[in-house]
Every structure is written in C-alpha cells, then in structure tokens.
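Here's the structure, in structure tokens; my notes come after.
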Amino acid sequence: MFDKVLIANRGEVALRIHRACREMGIKTVAVHSTADSDAMHVRLADQAVCIGPPPARDSYLNKAAVLSAATITNADAVHPGYGFLSENADFADMVAEHHMTFIGPEPEHIRRMGDKIAAREAAKEAGLPVVPGSEGALQDEGEALAMADEIGYPVLLKAASGGGGKGMKVVRGPNELASAYRTTRSEAEAAFGNPALYLEKYLEAPRHIEIQVMADNYGNVIHLGERDCSLQRKHQKVVEEGPSPALNADQRAAIGDLAREAAASLGYSSLGTMEFLYEDGKFYFIEMNTRLQVEHPVTEMISGVDLVREQIRLAAGAPLEYGQESVNLCGHAIECRINAENPHTFAPSPGRVTEYHAPGGLGVRVDSALYSGYRIPPTYDSMIAKLIVHGNGRNECLMRLRRALEEFVVEGVQTTIPLHMDLLTAPDFVNGVYDIHWLEKYVEAAQA
Amino acid sequence: MFDKVLIANRGEVALRIHRACREMGIKTVAVHSTADSDAMHVRLADQAVCIGPPPARDSYLNKAAVLSAATITNADAVHPGYGFLSENADFADMVAEHHMTFIGPEPEHIRRMGDKIAAREAAKEAGLPVVPGSEGALQDEGEALAMADEIGYPVLLKAASGGGGKGMKVVRGPNELASAYRTTRSEAEAAFGNPALYLEKYLEAPRHIEIQVMADNYGNVIHLGERDCSLQRKHQKVVEEGPSPALNADQRAAIGDLAREAAASLGYSSLGTMEFLYEDGKFYFIEMNTRLQVEHPVTEMISGVDLVREQIRLAAGAPLEYGQESVNLCGHAIECRINAENPHTFAPSPGRVTEYHAPGGLGVRVDSALYSGYRIPPTYDSMIAKLIVHGNGRNECLMRLRRALEEFVVEGVQTTIPLHMDLLTAPDFVNGVYDIHWLEKYVEAAQA
Amino acid sequence: MAEESVNRELVRELATLLDETEIHEIEYATEALRVRVVRHQAVQHVAAAPQPAQAPAAQPAAPETAGAQALGSDSDLADHPGAVTSPMVGVAYHSPEPGAPPFVSPGDQVKEGQTLMLIEAMKTFNPIPAPRDGTVSRVVAGDSAPVEYGEPLVILE
Amino acid sequence: MAEESVNRELVRELATLLDETEIHEIEYATEALRVRVVRHQAVQHVAAAPQPAQAPAAQPAAPETAGAQALGSDSDLADHPGAVTSPMVGVAYHSPEPGAPPFVSPGDQVKEGQTLMLIEAMKTFNPIPAPRDGTVSRVVAGDSAPVEYGEPLVILE
C-alpha cells in the first residue's frame, strides 16, 4: 500500500480523498494555489505545497508543478480527483514516468475514452448499445445528410472532442442540416481545436442513467448499480439518485451486467462509470468516465462500499475482495449539489461564509470543505457542498432530504439550497417522473 | 399516525425526536425552560412552549407543566426521550388520562422495571439468567450473611430503588458485611426514601452488554443485536459499540433470542433494552430500560433501522413490519459521548460555543444540538454531542473515528474530545479487550 | 450627568436600538455626554441555528418572534417593567366563570393580592394575584387563550 | 475627576456592559473624560477549520505555520519587501553544479538579471534572475532544499 498520496485537487473532493487516505493510514500531501491556502484539506493534510497562483492553468492544471510537488515530498501516488488533471492521459503517463502511481486506470484507457468517437467504437466492440449514428467522423455534409435520412430526424451533430455540452446541435429536418453542419464544425474547431463531427439519433426525453463499475488488475469486475443523474441544468448535474425510479431489478441487473462485461472486455481497471441515455426501455451508451465522479456518494450510501478507498487499493494492485454476488444494494440515496449561486439566476456568489452549520443525524451525510469564516474564491467551480441522504425507501429519503435542507445553514453567500427545497414540492420530482430536460424547464418556469 | 408530538425533553435527544417526527410528516411541539429558549430544537419545532425556569424540577420534570403544554397545543402524543420523565410511570398514566399517547411502553412495564427487585423477579420468570443473589429485599443482616456464604464472596449490596451507581457497596468478606449493610441501608433511605437492599454475586471484571428489543402491541418481538457499553466512568457510559468485540455470532443469536422471548413473555411493547453483565461466557441480567437510550444510534447504524421512527409507529399501534429473519446487522459502529468537561478532571465546562464544526463524510454521523454561538447552560447534563461512526469492520471504524475526531471543532468550552483521541491510542481499546472497570483505571493512570 | 458613574441605562438602550435597527454603530452626544456603541458585522451569535423553513401553522405567531412559533402574542412585553407574567403553562381566563364580568379591566386600580386572572392548568384554576398595588394599563393575555411560562398577562403601572 | 489616575471602575463597568450587550465597541465621553472600550472579534475567521491533531512529521515545520506542515522555512519572510520568491515548485540549488561556488552570498551586490539560484523542476534547471539591482542580505532557501510556489529564496535590499 502507498505511504503517501499527493491529492492533485481542491475543495470537497480533496477533503474526500484526504479522509479516505487518513482512514487507511496513508499520509497526505495537499497541493494548492495561493487562493486556497486556508482550505480545509490544506489544513488537515500531513503536508501542503503551494503550487502556483489562483488561475487553475497555473496551479491545479500545471502538470509540472503538481509533479514537482509530488517529487519533493516523496509521494508515491497521485490522486487526481475529478476535473482538472483527472482525465489527462499525458499527466497519467508523466506520473508513471516519475515512478509514482496515478490513482486511476491505465493512460490508454483514459485516452481512448476521452475521444468520443473512439469511446463509442470501443463501447460497440465491447457489446454496449450505442445511439444509432455515424461510425466515425463525418466526411462531409453529404454523408451527414445521408446518415440523418437513414436513422431519422431529429438528429444531433456533435464535436468529436466536445464535452460539457459544448459543440452540439439538434437538427430537426434536412433543411437545417447544411447550416448546422457548418456552424458546429467551426465551433468545434474554435473550442477544441478539432473540427471533426459525428452525428447520431437525437433522443427526445431520455433519462441519464450511469453504471458504476470497479475493476482490478486481474480481470475481475463488479458493478454497483446505477445512478440516475437526469436532473441537469446546462448539462451540469444538479441532483443524483440511486436506484433510478425508472428501473426495475431485472433492468438494473441486465444493464449492470452489460457494463461489467464491457469493462472486462476492454481490459479496464480502477473505478469507472458507463453513462447511458435511457428512453422507452432502451439504453444507449454515451460515454465512459475514467475517474471518480462527483456523485459517487450515492453509490457509497446504497452499496456500503467506500469507493475512494477501493480506488486507492486497486491502484496499489490489490485485487477486488468480493464478487458481484456479494454486492448488496440497500435502500435509496439522493445527492444534492449545493452551489454558491443565486438560486434563481444562478449568478455565482463567492465570498466569505459567515456562518456554516451542516445538518446531522441518521442517514445524513455532508461532503463539504466549507467552514465558518471560509472565503469561497471566485476562481473555481461554484459547488461548495454535497448533501447526501439515505433512507430505506425513496419516500423516506425525500422526507429526510427536506428536514436536512431545513437544517442546513450557509450564510454570507447565496446558495442553491432554496432551489433544492423547491424541488421537493414539485410533484414530478417527488414521483420520480423526470427526464434530462425536466429541470431546465422547471427552472425556466420558475423564472418566468 | 399522530398529527402532533410534544417532545418532553431537551438537547440532542429533543432534536433527534424532532428529526424523526419531521421525516414522518408529524408536527412537533418543543417545551423548554427559560434557559433553553435558544436551543436548536426549539427553533426548529413547529411550536414551542416555555414551561418554567431553569431548574429541571420546575420545567422538564414538572409533569403538570408538560401536560398543560401538550393540552394547549393539542398534541396527541408525548415523547419523553431519555432521562427526565421517560421512566416515570405516573407521568405515563397522566398522559393516558389526558387522552394522549405516551410514546413508550405501558405504565405497568415502566413501573415493574423501575423497581430493581421486581425487575429481577420478572426477568427470572421470563427465563433470563440473573446474577445469583437474594430473591427479594433482605430481611436483615443475618439473611445477608447466609446468602453471601451461599453464593460466595465478593458480593454486592444494592439499594432496591437505586440507580446511577448510587446505593451500592462491594463486600469482600464476612467481616465487612455487617457495617456495609448498615451504611448502604441508611444511604438508600436517604437517597431514595427506601432502605430496602438486596445482595448479589459481585462480578470482578464483567463487560456491560445490552440487547435492543422492539415489540409491537400484537405480541411480535425482534431484537437488533447488542451494544457493548463497558467503557464507563463513574457508572456513566462514555463509548459504546456494536457488535461487541467479545461475542461471536452464536452467542449473539443466543442472548438475542433469550431477550426476545423474555420481552414476549412479559407482554412488553415499544423499544426496550435488556442490560446484562457478561463474564466468562455467561450473561447476567441486570436491568431493563423501558425507553430510548442515549446509545441507540449504534444499533441504528448497524441495523439500518430508525429506532425513533419505529418507536413512534409502535406507540401509534402499528405492527412490526418484519420479523427477526429480516434483521440484517451489517458492519461495526462506535459512539463517543462528547461532554462539555475538562478532559482530564471532568470538571463541567458550560459557556458559549464560539466555534462549532462537526465532521462529515462517509460513515460519520453527529447527533448534537450545538451551533456556533450557542450557550451551554450550566443547569443540565454536560453531554453536548454524540459522534457515531460506521465502517465495514471494527478496524475501519476505529480509523474513521480517529479522522472524525481530528475534524471535530468545538471552541469556547472544554470538551472530552481529547479523551476520545487518547483512547484510540490505547492498545486495550484498539484490541477490544476491556471490561467495565477498564476506563476508570485508564483515566486514573492518565491523571496520576 | 454624574461624572463618576456610567449611565448604564443609556448604553443598554442604545444597544437595544442597535439590535432593533440592525445598525452597526450609534454615536449619541449631548452637551455633557457623548456615547458611541458599535457592533461589528456578521456573526450574530445565534445565526447558525436553523430557522424553520415552514410557514407558521394555525396559531398566530408573536410579532418579531423568529423561529418556532411562540404561543401567545406580545411576548416582547414580558420585559416591560410593569408586566405580571404567568407562573405556569395553561389557559388564561379573565372572569371567574363564563359570562361573569372580568376580574380587572384597563384603568382599574388594584391592590396587592387582588386576583387579576385565572390560569387553568391540569383542570385546576389558579388565581393570579397582583404582586403590588397599581393601575391596570393593559390586559395582555386573551380570554381563554393559552399562555406559556413567563408570558405577560397584565401590565400594572 | 482625578486627572492622573485611571478610573478603573468606569472602564470595568463599560467592559461589563460590552459583554452584556454583546457590543464590540463603546466610546463614552463626558466633558472631562473620554473612554473607548473595544473587544475585537472572538471569532477568528478561520477558527472553524480543524487543526491537524498529529504532530508534524519529519520535515521541519515553518515557524508560525499552523495546520499542515509547510515545506521550507521562513515562509513568513515571503512578505518581506526585498524577498525574491520562487516562481515554481521545485528544488533550489545555490550553485551551477555540485562543489562549485554559489551564485550569490550574503553581502554580494547583484545586478538585475543576474542568476541568484537554480530551481530544478521536472529535471530542468531554471535560473532565477535578480528582479533588480541590490545587495543580497540573506539567502533563505537552503541548498538542495524543496521550495514551493511563492516561497522566499533570497532577500535583496
């Protein structure tokens, strides 16, 4: 096992990783920008290294700085968290070249899954259903038109190197295709330096359902059920839950086994998430995340598995300690992402947190690096806390969520806690009847 | 189900009850003394009634005030929590006379188990092993001497109405008996108004192990495993854990079934705890608590059962929803009671909490009514928080406990957090090798 | 003003005003005296205690009572120097029996020991005696209204 | 009032009032006297951030550095007006190669652009130039010592 892990991240996930390491008896090195000197994980870590000024490109995205920090502190592994360098295959290579362990999969898997077209091909080969569409990058407008005729409108044009909802366009008929093709292509070029596009069937009202898998270096893979992350705003997940209100046990087992077999046939190791769209009883693979995810606590609460601990163990070459038959999903969990934003306009609200009081008691978990007096820097992501509740059933879980939100105090900045409170009064959410467009419409209606 | 529950308590347990009610959609009435106007449960409850001045006898123990508050707020049930009126059979009777429900067992069970001699007799009849000793109150010194000769020294003289460690004396030989008998008798008279004594075998180094039972009004009873509460100081529990490091699965099932059958044969309903001493593989019943216990979260964490919710359901006449075969104890849990006391001298340390920050993350639960700026009144119990951690095994649990204690911030008053940190470095505790005297000796050695 | 002694009442009054107006600083000067009171921002000592998110239910909330709904009204009058407060939780009655004239009305002169109201608790009616001679300036607790411990019943001046 | 001696009672009384009213500052002036009592916030803004309970491990902790162990020493010198701070994380070297004389020593006059140290990061050696002319008053970072971003290397005066 590792002696010392460098945490190449900030905020709640840095604290999450610190906690896992601390509980495993592993020393931690925090790296931080000058804006984060007072961050909680910096204070708790065994060692801390300032790696640069506030802009992420000069600190948290600065591969040389992170690696130098790992070198001078004699860390033997680097945990990248999520975001920043977590899906940077070159960084993973560099970590290995420096004789340290990157806590994640092999760089080749990161690289392959980071390219949307390659990922889709890999998924198809591995037996996963994909959204019908072009087999590779489109040659030209003509191919796009022929393809769209074949699979039927509406279709979606997507940048091969896109992500975060950028470089996408819905085309509802052949008359729109030519101009959409040209626009998306130049957007893709501008945003990602790669104009390659592909085209696929556009699903009208799918859910976003993802399967958590966990694989060791010896070919053993298990899945830990699904998370329903359909509640999104501007392609950012806002609320996640598991199990999905839309699946029954047979569907869960079927897609879980598909994901598990796919990971095995890819030769994948470490944690990973297969993301699917789900519509009319069918799953369509969209991408695979080769890292820890923000919403991982949902799975932890229903499976009893500490995913970060397992991720570290797997990276150290430990085998999975149990098989699929020992995975026992129990109860229901919901996670709310709480952002420092105006709950109506979503304008960021950085600044000093004058009071912070997290809810407690049975079935309530808070993952947050906030504390009273902490100043939320304006430089980074606005997510400041994750509230995760667990209950025996979904209804118990919703009731618990309400009482926990009522107890949550964050003063001095605006937060999205009121949005989550409002959601609990929305019959569609309470009934579990929502798709990936639902929240966007709900928010628009509330703003109108 | 009830519409409105009056919470006849204060502090963390009042908040615990409020949370359970809130999650069940039941309105809450907080009652409080003038010293507790700013208490968290008072602020969170749907209604609050000031019932008297700070001394407990004039407020929380004032039956008329509590009942009047219930009457004027139209509460339909009263939850007594633990301590105060929770084991007062007369109060339970009065609640019933006012056509409200006392959330607990029938008054006759409270009454019977509140008298140590009657409880012992009831337990024997119900098939529970008891510490060998006198069958009832001792007639005189002569009977005491004969009995002690029969069961062998050392023996313990105990006040029939005693509790909290008062009115007890260990006698190591016949020469000490006469004077001990007279002293304990007059102490019992003075402290409890009842000089009746009984005598029993004194166990040298037992563990305190208790079984949680849950019974409905229809004769169904289940047990939820044991809690090991051997870590005590001055007969107050300090750390509790479950499962006990001393029991194996067969022993657990055997004593659990005995407790379950005893509760059934007693016609008991509601939550209850059978407390045993455990030495050399044998259990000895000592008493039954007919109420919610401080350490109930240990059982909640390993069983997944919300005990307060169940207690309220059972009081409303609902049946148990599952049988013993569905009880699935999972992992390990440890609770630390955190008191506002000097961690070395245990001198109370009331006052203003200038900063409060509870630990969070996976497997960590905090039950506390503290908040930054709260003033801990000097009038009541010094317990200010319970930290409960859950893990897959005992070692994981201990590691998690350490990291959670490291994150716990309570400033402005002294707390026993450092004592708990120290305990984690004590090999006996880490190895689970302790009895009910161990902590007392550990603390004495640390003070020397 | 007396040179040696602090005008404590004045300072307390300014502190109260500071609270009430949510101002951070008050400077108050007369020819003889200048007083400045300051409260630094933010950390209100009770601020971390959650406020219930639910709207108050059936009963009328006391004005300015944040958090849990207080029982009666005008509980801020409890600090009034002339307030006679309830020594117990119960229901206040203005008259000895329904339809009878009230024990006291505003403007009445009362003697020490004279009954001002009855408080019913646990089916017993407890007379509330006037603690001193005075004039009833206000009857605060409503007839047949629930009252909590320490709640003002009558203002006697 | 007595011109020379402090009216301690008055100060104590104001201090008590400060507590009682939870005010942070009282200024109290009469014609003869002006007294101001202030209590600075108890709440240090970072106070809720947990402090590690573990003693620092092998490396020497920076003086006055609470919490996580800082890498180098003298990090409080970073605020010194003459400090030349490290633009990167790495290892500081005083000389161009082992055994060679150091680039600079205390007392040396240096010209803007003159190399003060090398910082090794990712196997490359980065010269740290003097930002201006001056005299080296102190060499802060040790030879072959790890340095973090912003850590003082040399004091130039």
Side-chain angles (χ1 to χ4, degrees), chain B residues 3-4 6-7 15 18-19 22 25 27-54 58-59 62-74 94 97-98 352-358 369-375 412, chain C residues 39-62 64-73 75-76 78-79 83 85-93 118-126 141-153:
Chain B
D3 280 335
K4 193 187 276 188
L6 180 134
I7 302 166
L15 180 60
H18 167 80
R19 285 170 169 165
R22 199 88 188 90
K27 291 192 206 68
T28 54
V29 180
V31 294
H32 62 92
S33 74
T34 50
D36 281 337
S37 309
D38 284 336
M40 197 190 292
H41 80 283
V42 172
R43 296 170 163 262
L44 287 168
D46 292 291
Q47 282 178 277
V49 181
C50 180
I51 52 167
D58 299 324
S59 49
N62 181 341
K63 298 195 270 290
V66 173
L67 279 167
S68 296
T71 304
I72 62 175
T73 54
N74 295 313
M94 288 164 76
E97 281 157 19
H98 283 74
R352 193 178 288 286
V353 176
T354 52
E355 286 294 344
Y356 175 74
H357 189 89
L370 286 199
Y371 56 86
S372 295
Y374 175 69
R375 188 179 283 282
Chain C
R39 175 163 296 142
H40 293 299
Q41 260 301 38
V43 187
Q44 252 207 306
H45 284 296
V46 296
Q51 300 299 324
Q54 294 270 308
Q59 298 202 12
E64 312 214 45
T65 298
Q69 176 191 3
L71 263 184
S73 53
S75 52
D76 45 339
D79 295 331
T85 60
S86 178
M88 67 190 75
V89 186
V91 177
Y93 291 101
L118 298 179
I119 304 286
E120 181 197 1
M122 306 297 295
K123 323 244 185 246
T124 63
F125 291 83
N126 304 279
D143 193 24
S144 304
V147 292
E148 57 188 329
Y149 174 85
E151 191 171 329
L153 303 173

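A, B, ... follow the sequence lines: proteins, then strands. Residue 1 opens every chain.
The residue from B:Val49, B:Val31, B:Ile51 that alone fulfils the side chain to side chain contact (heavy atoms under 4.5 Å, CB included) condition with C:Glu148 is B:Val49.
Not counting sequence neighbours, B:Ser59 has no partner by the side-chain hydrogen bond (donor to acceptor under 3.5 Å, both in side chains) test.
Separation of atoms NZ (C:Lys123) and OG1 (B:Thr71) is listed at 6.5 Å; rounding is to 0.5 Å.
Contact between C:Val147 and B:Ile72 at its shortest, heavy atoms only, is O-CD1, 3.8 Å.
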Task: C:Met122 vs B:Ser68, side chain to side chain contact (heavy atoms under 4.5 Å, CB included): CA-CA, chis, key distance, verdict - done: CA-CA 6 Å; C:Met122 306 297 295; B:Ser68 296; 4.0 Å; yes

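For B:Thr34, the part sitting under 4.5 Å from any heavy atom of chain C is the side chain, from C-beta outward, and nothing else.
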